[in-house]
Amino acid sequence: MIGRTTTKFLTSAVLSLSLIMTSCGTKTVKAGTYSATEKGFGGDVTVNLSLDETGKITKVDINAEKETPSVGQEAAPKLAESIIKNQSFAVDVISGATFTSNAVLAATKAALAASGANIENYNKKVAKNGADEEVTVDVVIAGAGGGGTGAALAAAEQGLDVLILEKLPSYGGNTRLSSGFFAIGTKWQKESKLYKDNNWSVDVSTAVQKAIEANNYLSNGPLTRAIIEKSASTVEWLEKYGMDIYLQEKTTQFAHEGDPYKGFSYHKYRNSTEGFDKIYANLEKMGAKLRTNTRFTDLIYENGKVTGCIAEKEDGGKLTVHAKAVVVATGGFGGDVERVKKEAQTPYLNSIGMPSNGEGLDAMVKIGAKNWDASPLLHGCQLAESEVAQESSEEQLAGYSDSALTWLLQSPLLWVDASGSRFANEDAVYDTVWWANVGHAAGGRYFIVVDQATLDSYTNGNTLRLSYSGPGPSKNGGNFTELAEKAIKGKTAWKANSLSELAKAVGFNEKDFTSNVERYNSMVANKKDSDYGKSSENLRFAVSDGPFYAFDCRAVFLGTVGGVKVDENLAVLDINTYKPIPGLYAAGANAGGYYSPRSYPPYEGMASGFAWTSGRIAGESAASYAKELSL
């Protein structure tokens with residue numbers, strides 16, 4: 001990751017202006033407050049650090065407002081407290097908040113350097129020496145996202161002693177960040193005026209077949225049916241425990257318009273944070289126990305059975321949990337960016353969503369489970385992030401930002417790959433899955449190519465229909481020529497007076513690029529895409545009036561999906577015998593068979609729906625197994 005750091009000395013009448021020597025006598029430190037900024041997971045993280053006249057860190061304020069609320073924003077004050085307590089920037093990162101932690105610690109180091117302090121005096125590694133602990137429960141669940149929470153509810157309903165381990169400071173995971181739940185045959189659909197007006201109906205068998213076909217028959221059929229068959233009762237079950245749900249009646253993914261399966265089986269959360277809070281209040285009443293800041297590391301595997309797990313406590317102590325059954329729902333390996341890029345076969349991927357490092361998947365594989373289909377969850381595309389150092393006050397043009405350049409990103413303009421060849425129907429931008437897939441098919445990186453006339457038209461508000469999938473485009477327009485110049489300065493866009501010059505500037509094959517643009521212009525003139533079938537209404541902007549521009553774009557992954565081989569009961573299988581590994585169950589992004597590798601059916605709410613329902617089934621199965629052992 002390339003960070004950008006800005007340091008600034010903040011003066012105040014109350015600050016001492018005396019220069020003092022640090023303990024080693026080789027550097028001077030000026031008492032005061034110093035500020036530094038580094039890039040975190042969602043944006044800039046700023047540390048304001050105060051030193052007294054002895055060089056002691058007296059206060060650390062961290063602005064992490066662009067980080068994930070339930071991850072980076074919750075980690076920031078804990079990091080500040082640790083830095084002050086230990087007088088060091090070499091404190092441990094917060095588990096699950098690696099990006100934010102690294103940004104905070106790097107910014108702290110930069111702020112200290114700006115003070116004139118000797119950095120080595122604050123580079124003291126803090127030892128963790130918490131006491132080891134052992135507990136015994138009926139069912140232990142690793143992970144408190146949708147999968148783990150669903151498993152906990154299902155097991156706790158059976159009156160069992162349930163323990164939930166979560167490495168983050170709070171529960172919810174990626175499911176808490178998601179918008180809703182794919183379900184078929186719910187009361188909301190049966191009561192929907194939209195369904196009645198359009199004479200729509202949906203049924204489980206059709207949905208199952210559509211999902212399997214979308215996965216090119218790589219799906220686990222019994223598992224797919226089990227999940228979709230139970231989706232309606234699960235979403236209504238969640239409502240009973242406190243999740244406020246409604247049926248979407250207007251899709252932001254325009255390719256789904258008129259399709260009750262893709263766009264209108266999406267049951268949205270009114271407020272997922274409040275919903276999770278209510279669910280965990282219910283879990284507490286049912287006797288389930290939650291331990292946050294506790295990182296699952298290994299399974300206990302004895303005599304061919306899983307009999308518990310090992311976790312690391314926040315204080316560094318080892319927690320040994322003896323249990324009759326274990327449900328692994330720690331999420332995928334999306335936090336390990338290099339692992340994701342290796343799996344996706346490309347260095348060009350942007351990351352959004354909750355980081356998890358694959359500890360659950362790896363622990364299951366270690367004791368004999370089979371990693372069946374774990375792969376990146378490709379999810380839309382973003383503008384490339386600048387690798388040029390920027391002042392923190394500069395407008396951020398990359399990713400899903402407030403910049404009007406997102407109008408270009410979320411438009412079906414001309415796209416070319418790194419050779420300069422057009423490679424897809426750009427209408428794919430209207431479906432998040434398709435959009436990400438075509439971006440990945442181009443190597444994870446592609447370029448939007450426009451001319452000056454197109455930028456002028458967008459400046460005046462005359463655009464193609466803008467996709468509103470994901471966060472959607474900026475709500476405000478802008479001067480696109482000025483924005484393009486800023487992107488060029490940040491080396492995420494290029495400009496030239498001719499197509500040949502643009503090809504040389506970007507690195508395209510000049511012949512391929514110019515011939516592809518000329519062919520595209522002829523199709524715009526004829527209002528017919530004879531190559532990929534783009535809609536005629538989106539063949540409006542030729543690339544003919546220089547200067548010409550190319551904007552760098554990247555495919556995006558939202559964590560990972562898929563995992564170990566499981567059966568329809570979410571029992572983890574030994575692939576050699578095709579029989580369950582006794583005592584072991586998986587849910588959510590640890591369970592394989594519901595998606596095809598690197599892709600998933602383009603039905604809104606699919607991942608969240610799978611997390612909850614697979615968790616519920618895994619919890620029920622684990623509870624039944626635990627009860628049998630008690631007989």
Side-chain angles (χ1 to χ4, degrees), residues 133-166 171 223 226-227 230 234 283 286-291 294-311 319-331 359-370 563-574 577-593 611-631:
E133 184 181 353
E134 291 193 41
V135 298
T136 300
V137 297
D138 292 322
V139 178
V140 60
I141 295 155
T149 302
L153 273 176
E157 281 183 330
Q158 300 299 313
L160 298 182
D161 187 8
V162 175
L163 174 63
I164 312 151
L165 307 178
E166 172 55 53
Y171 41 72
L223 174 66
I227 295 297
K230 202 159 189 170
T234 300
L283 278 168
M286 297 159 73
K289 297 179 180 63
L290 169 70
R291 295 182 64 148
T294 304
R295 186 174 66 90
F296 166 87
T297 59
D298 280 297
L299 293 162
I300 301 173
Y301 185 61
E302 302 169 326
N303 301 317
K305 297 180 180 180
V306 171
T307 59
C309 69
I310 306 296
L319 174 65
T320 300
V321 183
H322 303 286
K324 298 180 179 73
V326 178
V327 179
V328 179
T330 54
E359 53 267 71
L361 175 65
D362 295 342
M364 290 188 288
V365 170
K366 185 177 177 181
I367 62 105
K370 179 66 175 179
V564 297
K565 187 69 173 174
V566 297
D567 65 16
E568 65 268 32
N569 299 311
L570 278 300
V572 177
L573 298 178
D574 178 333
T577 65
Y578 220 71
K579 292 181 179 179
I581 298 173
L584 182 59
Y585 303 84
N590 290 128
W612 283 117
T613 307
S614 66
R616 183 186 181 192
I617 295 173
E620 291 170 343
S621 300
S624 295
Y625 176 82
K627 284 184 172 182
E628 288 176 6
L629 289 184
S630 299
L631 294 177

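All values reported here derive from a predicted model rather than from experimental measurement. Only heavy atoms go into these numbers, but all of them, side chains included; no hydrogens, no water, no symmetry mates.
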Trainee: Ignoring hydrogens, what is the shortest heavy-atom contact between N590 and L361? Give both atom names and the distance.
Mentor: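 Smallest heavy-atom distance, with atoms named: ND2-N, 3.7 Å.
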Trainee: Which heavy atom of A155 sits nearest to which heavy atom of V162, and what is that distance?
Mentor: CB-CG2, 3.7 Å
Trainee: If only atom types and distance count, is the side chain of T330 paired as donor or acceptor with the main-chain N or O of G143 below 3.5 Å?
Mentor: no
Trainee: Does A571 offer a backbone N or O that forms a donor-acceptor pair with the side chain of N569 under 3.5 Å?
Mentor: no
Trainee: Measure across A151 and I141 and return the closest heavy-atom pair with its distance rounded to 0.1 Å.
Mentor: C-CD1, 3.6 Å
Trainee: Looking only at non-hydrogen atoms, find the nearest pair between A226 and I617 and report the distance.
Mentor: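 Smallest interatomic distance, heavy atoms only, reads O-CD1, 4.1 Å.
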Trainee: Report the C-alpha distance between L163 and V135 in whole Å, list the side-chain angles of each, state the deciding distance to 0.1 Å, and finish with yes or no for side chain to side chain contact (heavy atoms under 4.5 Å, CB included).
Mentor: CA-CA 10 Å; L163 174 63; V135 298; 4.1 Å; yes
Trainee: For residues I581 and I367, determine if any side-chain heavy atom of one lies less than 4.5 Å from a side-chain heavy atom of the other.
Mentor: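 Yes, at least one pair of side-chain atoms sits under 4.5 Å.
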Trainee: Among V140, I300, V321, whose side-chain contact (heavy atoms from CB on, under 4.5 Å) with V326 holds?
Mentor: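 Single side-chain contact (heavy atoms from CB on, under 4.5 Å) partner of V326 among V140, I300, V321: V140.
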Trainee: Could you pull out all donor-acceptor pairs under 3.5 Å where a side-chain atom in residues 624-631 meets a protein atom, sequence neighbours excluded?
Mentor:
unit_1 : atom_1 : unit_2 : atom_2 : d
S624   : OG     : E620   : O      : 3.1
K627   : NZ     : Q158   : OE1    : 2.9
S630   : OG     : A626   : O      : 3.1

Trainee: How close do V327 and A587 get, heavy atom to heavy atom, and via which atoms?
Mentor: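 Result for this residue pair: CG1-CB, 4.4 Å.
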Trainee: I'd like to know if D138 and K324 make a salt bridge, using a cut-off of under 4.0 Å between side-chain N and carboxylate O.
Mentor: yes
Trainee: Evaluate S614 against V566 for side chain to side chain contact (heavy atoms under 4.5 Å, CB included), listing each step before the verdict.
Mentor: CA-CA 11 Å; S614 66; V566 297; over 6 Å; no
Trainee: Could you report the tightest heavy-atom contact between Y585 and A325, atom names first, then the distance?
Mentor: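 What the structure gives for the nearest pair is CE1-CB, 4.2 Å.
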